[in-house]
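Reading through the structure tokens given below for one structure.
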Amino acid sequence: MFIYYLISVFLGSNMDYYMKKVNILTLQEGVDHYEEAHYSKWNCYMHTIGMPFTVYGMALFLPALFKMTYEKAIIFRTSVLLFYLAHYVYIDLYIGFLTYILFSLAAIRANYTYNEKRRYWMLMKGFLISFSALSFQEYFGHYLGGDIASRAESVPNAIMYAMYFSVYHIFH
């Protein structure tokens, strides 16, 4: 188990190197690129409300998709959180830790909800929660907030920085 956590921290702390190799903006430049579609405060706060639900849904459906046991699902969620933490603290230590705390709550909730014996239900429930939360953010945040729609070409950037931005915008 410890080796998974160690690998996650190593990859997260070196992710900017790998992202630059495939021309993806990283660290503060990546956050700034993500922010381009989130100018209105309304959109930013809809994002802060919606992203923990998106992550919670993913924390249910990804382990179910890969047929993980309850114990392996916990290791997976913890590894993913450590990966992001290791990357985010290179941008800003304080915001990185606050982001980790916020999204740890979603992972902890998923730990209490996940049931490997009901894999299909976890898959459907998690997907519907994530899809609904993302739709909420797109409609109530982007559309009603007057910002541009999310950009398909920015999906890798969003995967990397959406959680961080949920906290970052509050302080900037």
Side-chain angles (χ1 to χ4, degrees), residues 8 11-12 14-66 76-77 79-92 94-107 109-110 113 122-172:
S8 295
L11 289 174
N14 290 288
M15 198 61 190
D16 63 310
Y17 171 80
Y18 302 115
M19 291 171 67
K20 285 177 184 174
K21 291 287 187 193
V22 292
N23 296 320
I24 298 173
L25 296 172
T26 66
L27 302 173
Q28 189 59 51
E29 286 181 318
V31 176
D32 293 343
H33 177 74
Y34 189 79
E35 188 174 28
E36 289 175 2
H38 301 86
Y39 278 124
S40 72
K41 275 295 182 192
W42 172 262
N43 187 8
C44 292
Y45 283 107
M46 293 302 101
H47 186 84
T48 300
I49 292 167
M51 274 310 296
F53 290 97
T54 302
V55 170
Y56 169 67
M58 289 178 164
L60 290 178
F61 87 73
L62 288 174
L65 180 65
F66 294 109
F76 170 74
R77 290 182 198 106
S79 296
V80 169
L81 284 169
L82 288 171
F83 166 85
Y84 280 103
L85 172 66
H87 186 71
Y88 291 163
V89 296
Y90 276 96
I91 305 169
D92 184 289
Y94 180 70
I95 294 174
F97 274 109
L98 288 176
T99 303
Y100 177 79
I101 291 167
L102 174 64
F103 289 98
S104 289
L105 298 174
R109 177 67 182 143
T113 307
M122 293 293 105
L123 186 69
M124 294 306 297
K125 179 180 180 178
F127 178 79
L128 287 172
I129 290 169
S130 285
F131 180 80
S132 298
L134 288 169
S135 298
F136 166 85
Q137 291 171 77
E138 193 64 34
Y139 181 74
F140 286 98
H142 289 270
Y143 181 73
L144 294 181
D147 287 345
I148 63 171
S150 297
R151 303 165 290 191
E153 71 273 5
S154 295
V155 169
N157 182 269
I159 290 169
M160 203 63 208
Y161 297 110
M163 290 189 301
Y164 183 86
F165 185 78
S166 297
V167 175
Y168 169 82
H169 77 88
I170 296 169
F171 297 97
H172 290 94

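Side-chain atoms are counted along with the backbone in the values below, which use heavy atoms only and exclude waters and symmetry mates.
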Is it the case that atom CZ in F76 sees more than 12 heavy atoms from other parts of the structure closer than 6.0 Å? yes
From S40 OG over to M46 CE, what is the distance, rounded to the nearest 0.5 angstrom? 9.0 Å
Minimum heavy-atom separation for A59 to A110, with atom names? CB-CB, 3.6 Å
Of all heavy-atom pairs between Y164 and I91, which one has the smallest distance, and what is that distance? OH-CG2, 3.1 Å
Residues passing the ring pair (Phe, Tyr, Trp, His ring centres under 6.0 Å) test with F140, sequence neighbours excluded, are F136
Give, for atom OG1 of T48 and atom CD1 of I170, the distance between the pair rounded to the nearest 0.5 Å. 4.5 Å
M122 CE to T113 OG1 distance, which is reported to the nearest 0.5 Å: 7.0 Å
Go through Q137 and T54 one step at a time and tell me if the side-chain hydrogen bond (donor to acceptor under 3.5 Å, both in side chains) criterion holds. CA-CA 10 Å; Q137 291 171 77; T54 302; 3.0 Å; yes
Interatomic distance, S130 atom OG to K125 atom NZ [nearest 0.5 angstrom]: 12.0 Å
Partner residues of Y39 under the ring pair (Phe, Tyr, Trp, His ring centres under 6.0 Å) criterion, sequence neighbours left out: none
Aromatic ring pairing H47/H38, orientation class (parallel under 30°, perpendicular over 60°, tilted between): perpendicular
Side-chain atoms of residues 95-107: list all donor-acceptor pairs with protein atoms under 3.5 Å, sequence neighbours left out, distances to 0.1 Å.
from: T99; atom 1: OG1; to: I95; atom 2: O; distance (Å): 2.8
from: S104; atom 1: OG; to: Y100; atom 2: O; distance (Å): 2.6

For residues 14-29, tabulate all N or O donor-acceptor pairs below 3.5 Å that involve a side-chain atom, not counting sequence neighbours.
from: N14; atom 1: ND2; to: F10; atom 2: O; distance (Å): 2.7
from: Q28; atom 1: NE2; to: D32; atom 2: OD1; distance (Å): 2.9
from: Q28; atom 1: NE2; to: Y168; atom 2: OH; distance (Å): 3.1

side-chain contact (heavy atoms from CB on, under 4.5 Å) for F127 and M58? Distances and angles first, verdict last. CA-CA 7 Å; F127 178 79; M58 289 178 164; over 6 Å; no
Atom of V89, atom of A86 and distance for their closest heavy-atom approach: CG2-O, 3.6 Å
For Y45, which residues count as a ring pair (Phe, Tyr, Trp, His ring centres under 6.0 Å) partner, sequence neighbours excluded? H169
Distance (rounded to the nearest 0.5 Å) between Y56 OH and F61 CZ: 13.0 Å
Ignoring hydrogens, what is the shortest heavy-atom contact between G30 and N157? Give both atom names and the distance. O-ND2, 3.1 Å
Report the residues that fulfil ring pair (Phe, Tyr, Trp, His ring centres under 6.0 Å) with H87, sequence neighbours left out, ordered by chain and then residue number. Y161
Distance from D147 atom CG to K41 atom NZ, nearest 0.5 Å? 11.5 Å
Looking at every heavy atom in both F53 and A133, which two are closest together, and how far apart are they? CB-CB, 3.7 Å
How close do R151 and H33 get, heavy atom to heavy atom, and via which atoms? NH2-O, 2.9 Å
